[in-house]
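Following: one structure in structure tokens, then a few remarks.
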Amino acid sequence: IRPDVDIIGVAFGFSFEWPYGRDLTKLIRKKFPNVLMIGGGEHATAEPKQTLEESEIDVVILGEGEETAVDLASAVEKGKVSYEQIPGLAYLGDDKKLLVTRGRGRIRNINEIPRPAWDLTPIENYLDRGLGFGVN
């Protein structure tokens, strides 16, 4: 992870991988104590309270995250982060109670989603370790 990042995203793909993701966030937080850490994926969407309470995640993106992540990153860039104004988020309030913003509709036309920049992602690091595609 580059040292000058403003946001770090962690995907919690499936619940059987939850312990790895949870522990990863704790290691990341030690090196980046003040960076906004967002979580998303199947497990985080199904269990946002657990994800927020047991990991170092600051905010969970619920469901399809393409538009929500862009809105959140734009707010961070502008210095105007107000979770309650962004649809599709879950976070803990000051009293540690789970707060969920209004839902965001599903993307109906998948052709509107830009293609992933796979050339920037070392996908082999995940596949070579047997992560992300079933129980080994």
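A quick note: this is a predicted structure, and the numbers were derived from the prediction, not measured. Here, residue 1 is the first one in the sequence, and each next residue gets the next number.
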*Return the minimal non-hydrogen interatomic distance between Thr101 and Tyr91, and the atom names on each side.*
CG2-CE2, 4.0 Å
*For Arg106 and Glu64, what are the C-alpha separation, side-chain angles and deciding distance, and is it a salt bridge (charged side-chain N to carboxylate O under 4.0 Å, His left out)?*
CA-CA 7 Å; Arg106 294 182 64 98; Glu64 293 179 347; 3.3 Å; yes
_Any residue meeting side chain to side chain donor-acceptor pair (under 3.5 Å) with Arg115, in chain and number order, not counting sequence neighbours_ = none
*With distance as the sole test, does Thr68 use its side chain to make a donor-acceptor pair with the main-chain N or O of Ile61 at under 3.5 Å?*
no
*In this structure, are over 12 heavy atoms from other groups packed under 6.0 Å from Ile110 atom CD1?*
no
*asked:* Using the rule given for side-chain contact (heavy atoms from CB on, under 4.5 Å), can you reason through Leu99 versus Tyr83, listing the C-alpha separation, both sets of side-chain angles and the distance that settles it, and then say yes or no?
replied: CA-CA 9 Å; Leu99 300 171; Tyr83 297 150; over 6 Å; no
*In one Ile/Leu/Val/Met/Phe/Trp/Tyr side-chain cluster, 4.5 Å: Val76, Ile86*: yes
*Test item: side-chain donor near acceptor, Ser55 and Arg22, under 3.5 Å*: no
_Side chain to side chain, Asp71 and Arg104, heavy atoms closer than 4.5 Å_ = yes
_Heavy-atom closest pair, residues Arg102 and Gln85_ = NH1-O, 4.1 Å
*Report yes if some heavy atom in the side chain of Asp6 is under 4.5 Å from a heavy atom in the side chain of Leu36; otherwise report no.*
no
*Do you know which two heavy atoms are closest between Gly103 and Pro87, and how far apart they sit?*
O-CB, 4.0 Å
*Any pair with a residue in residues 27-43 that passes side-chain hydrogen bond (donor to acceptor under 3.5 Å, both in side chains), sequence neighbours left out, goes on the list, sorted by first then second residue, please.*
Ser15-His43, Arg29-Asp58, His43-Gln50
*Shortest non-hydrogen contact from Glu47 to Thr51?*
O-OG1, 2.8 Å
*Go through Asp95 and Lys97 one step at a time and tell me if the salt bridge (charged side-chain N to carboxylate O under 4.0 Å, His left out) criterion holds.*
CA-CA 5 Å; Asp95 59 357; Lys97 181 179 176 186; 5.9 Å; no
_Looking at Asp94, I'd like to know if its CG atom is crowded, meaning that more than 12 non-hydrogen atoms belonging to other residues, nucleotides or ligands lie closer than 6.0 Å._
no
*asked:* Is it the case that atom CD in Glu77 sees more than 12 heavy atoms from other parts of the structure closer than 6.0 Å?
replied: no
*Transitive ILVMFWY cluster of Trp18 at side-chain heavy atoms under 4.5 Å: who else is in it?*
Ile1, Val5, Ile8, Val10, Phe12, Leu24, Ile28, Phe32, Val35, Met37, Leu52, Ile57, Val60, Leu62, Leu92, Leu98, Val100
